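Note that the structure is predicted; figures quoted are calculated from it, not measured. Atom set for the values below is all heavy atoms of this structure, side chains included, hydrogens, waters and symmetry mates excluded.
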Amino acid sequence: MTDKYTDEYDESADNTYDDTDSAYDIVDSADESEDDANNEDDATKDDKTKKTGGETSDNSDDEYEKYCYLCRRPESVAGKLIHMPGDINICPDCMQRSFDSFTSSGFGNMPGLGNMQFIDLTNMPFGNIDMSKFKAQNDIPKSQKVKKKAPKEKKKQEELSLKTIPAPHKIKAMLDEYVVGQEYAKKVISVAVYNHYKRVLTDTMDDIEIEKSNMLMVGPTGCGKTYIVKTIAKLLQVPLAITDATTLTEAGYIGDDVESVLSKLLAAADNDVEKAERGIVFIDEIDKIAKKQNSNSRDVSGESVQQGLLKLLEGADVEVPVGSGSKNAMVPMTTINTRNILFICGGAFPDLEDIIKRRISKQASMGFKAELKDKYDDEPNLLRQVTTEDLRDFGMIPEFLGRLPVVFTLDALDKDMYIKILKEPKNAILKQYKKLLALDEVDLRFDDSAYEAIASEAVKRKTGARALRAIIEKFMLDIMYQIPRDDTIGRVTITGDYIRGKGSPIIELRGTPALEEK
């Protein structure tokens, strides 16, 4: 029975090949006619080549990305594409899924297709397949094509080791060059990061296993939480992923899954899993996932997100989508172990001061020399007295807080700190403007009254260091507009009256004796 079926199959196959041979004759005749037509159009092509500066359309297409015909992903994302006749390219993932569908649909019983892999395409005769029914790759409009990125030269970075890790006092000294104030916070984060990377590089010390020290930063808006983390990651040259907790939702709901946090870290490490497993993840706005109070609806972006983050903070093998923020069938997955990833959470925790006041004012009484309830209303750094109990009352679950053993606060900025922020850091905002005008050969200066006026205005706005940029952008607009149009200006001095709107800046022209003396 089997032999009879095989013989019939071979006969039908032979007939198919005979038909194919006749088809080849037709194709050959068509090719001859096309050759004649091409010979007639040679002069026209030469003219087009001369007009375009010696480049044909084929050469110009080389600078654009090629796309997979099925999933429409570019070659830079999908990997090396399999080229087929008719300018059609298919990525290995789509090709393998096609073969898998053949196998599951019953084609696996056919000889030669049972265990076919996409690697077998190297020996597959594509010349026998009629691709004229498919849309060619060149049919994509040029306005929808993406140019290839030039390869970036990667700088050789010295691998982190026990000898190259800077001591805590050196880490803090480096932070002092960029971050003003926040002495306690810089000391805490320097020690925690130093101990963390000693733990990562030694793995274990004899039979004693060192636990991970995740951190929780509490501080008002604009006090430098994100800036400190960015600076320390740059100094240590480790992968850093900064993400926002406001977009996280429970799995199955619209929004980002908690695994998207690790996807960003993997992208920051150039998809190197081993490098990503030694990185730092900073989850900002962590107070936005607090447990909602008195809510009858399902808390998909609050307590459930805290529960989803537990396994990441503790240390577990997590399936992470590569190059995407969500899991789906078209995105490859990889496994990342979070045991050696340092998690730093930060948030402003608005109204947390009211919770602290209620706790420390429980013993308030009446009478002479009694402690009044409004005693702490004007306390600028009340957050220093925060406890785990206060954070639980705010809406953070105990399991989440237990995985963040290092809790520290950042102080609110006062007038003196604003003045230091304007003057001292390496990349201070006023130094940036001085550099911009120096490119136009103009000397920009600020007198002491200008620093005082900017700091006073920033204190009123109560938005932290971010207020400085908004204030300076406002009074620098006219100066940045007028200076490029006048080549005679040599120096501009900003005064406090100009910032308050009561005067104008002092402008000195080139070649004046006063300018040359200074």
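Using a 4.5 Å cut-off on side-chain heavy atoms (C-beta onward), M476 and L444 make contact. Proximity of L216 to V406: side-chain heavy atoms (C-beta onward) are nowhere separated by under 4.5 Å. Using a 4.5 Å heavy-atom cutoff, the side chains of T338 and E314 are not in contact. Side-chain contact between S449 and D497 is absent, with no heavy atoms from C-beta onward closer than 4.5 Å. You'll find the side chain of K212 stays beyond 4.5 Å of the side chain of R339, heavy atoms only. Put simply, the side chain of I283 reaches to within 4.5 Å of the side chain of I286, judged on heavy atoms. Two residues are said to be in side-chain contact when any heavy atoms from C-beta on lie closer than 4.5 Å; I454 and Y418 fail this criterion. Using a 4.5 Å heavy-atom threshold, the side chains of K291 and M396 count as separate.
To the nearest 0.5 Å, atoms OG1 (T231) and CG (L175) are separated by 6.5 Å. Taken from CZ in F349 to OG1 in T221, the straight-line distance is 13.5 Å, to the nearest 0.5 Å. Atom CE of M417 is separated from atom CG of D411 by 6.5 Å, given to the nearest 0.5 angstrom. A distance of 6.0 Å separates CG of L235 from OH of Y178, quoted to the nearest 0.5 Å. Taken to the nearest 0.5 Å, the CG atom of N214 stands 11.0 Å off from the CD1 atom of I280. Here the CG-OG1 distance, from L391 to T387, works out to 7.0 Å after rounding to the nearest 0.5 Å.
Salt bridge status for R461 with E457: present, with a side-chain N to carboxylate O gap under 4.0 Å. Between K172 and E183 a salt bridge is recorded (basic side-chain N to carboxylate O distance below 4.0 Å). The residues K186 and D176 are annotated as salt-bridged, a charged nitrogen and a carboxylate oxygen being separated by less than 4.0 angstrom. The residues D443 and R445 are annotated as salt-bridged, a charged nitrogen and a carboxylate oxygen being separated by less than 4.0 angstrom. Ion pairing of E452 with K415 is present here, as a side-chain N (NZ or NE/NH1/NH2) and a carboxylate O approach within less than 4.0 Å. For the pair E75 and K66, the salt-bridge criterion is not met [side-chain N within less than 4.0 Å of a carboxylate O]. A salt bridge is absent between D487 and R510: the closest approach of a Lys/Arg side-chain nitrogen to an acidic carboxylate oxygen does not fall below 4.0 angstrom. Salt bridge status for E259 with K311: present, with a side-chain N to carboxylate O gap under 4.0 Å.
Looking only at distances, no side-chain donor or acceptor of Q306 sits under 3.5 Å from a matching main-chain atom of F400. Distance alone, capped at 3.5 Å, places no donor-acceptor pair between the D270 side chain and the D272 backbone. The backbone N or O of P239 sits nowhere less than 3.5 Å from a side-chain atom of K275 that would complete a donor-acceptor pair. Panel note: side chain T247, backbone D256; no donor-acceptor pair is recorded below 3.5 Å. At least one donor-acceptor pair closer than 3.5 Å links the side chain of H196 to the backbone N or O of N340. Side chain of S456 to main chain of A453: no donor-acceptor pair is present (N/O by atom type, distance under 3.5 Å, no hydrogens or angles).
Heavy atoms only, all atoms of each residue included: P505 and I479 are closest at CG-CD1, 4.3 Å. L383 and P220 get closest at one heavy-atom pair: CD1-CD, 3.9 Å. Across R384 and T409, no two heavy atoms sit closer than the pair CA-OG1, 3.7 Å. Nearest heavy atoms, A450 versus I494: CB-O, 3.5 Å. Of all the heavy atoms in M174 and P166, the pair that sits closest is CE-CG, 3.9 Å. Contact record, C94 with L70: CB-CD1, 3.7 Å, taken as the closest heavy-atom pair.
Using bins of under 30°, 30° to 60° and over 60° for the plane-to-plane angle, the ring pair Y451/F446 lands in the tilted bin.
For the residue pair T226 and D284, a side-chain donor N or O sits within less than 3.5 Å of a side-chain acceptor on the partner. Between the side chains of T246 and E285, not a single donor N or O lies within less than 3.5 Å of an accepting N or O. For the residue pair T488 and D486, a side-chain donor N or O sits within less than 3.5 Å of a side-chain acceptor on the partner. A side-chain N or O of Q432 and one of R469 form a donor-acceptor pair less than 3.5 Å apart.
Within 6.0 Å of NZ in K431 there are more than 12 heavy atoms belonging to other residues, nucleotides or ligands. Counting non-hydrogen atoms of other residues, nucleotides and ligands closer than 6.0 Å to NZ of K462 gives a total of 12 or fewer. The local environment of NZ in K288 is crowded, with over 12 non-hydrogen atoms from other residues, nucleotides or ligands closer than 6.0 Å. Around the CD atom of E399, the shell of radius 6.0 Å holds more than 12 heavy atoms that belong to other residues, nucleotides or ligands. More than 12 heavy atoms of other shown residues, nucleotides or ligands fall within 6.0 angstrom of atom NZ in K434.
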So I506 and T495, side chain to side chain contact (heavy atoms under 4.5 Å, CB included) or not? Walk me through it.
CA-CA 8 Å; I506 301 173; T495 63; 4.0 Å; yes
Side chain to side chain contact (heavy atoms under 4.5 Å, CB included) evaluation trace for H169 with S190:
CA-CA 7 Å; H169 69 280; S190 299; over 6 Å; no
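Taking the six-membered ring for Trp and the full ring otherwise, F408 and Y184 have centroids separated by 6.0 Å or more.
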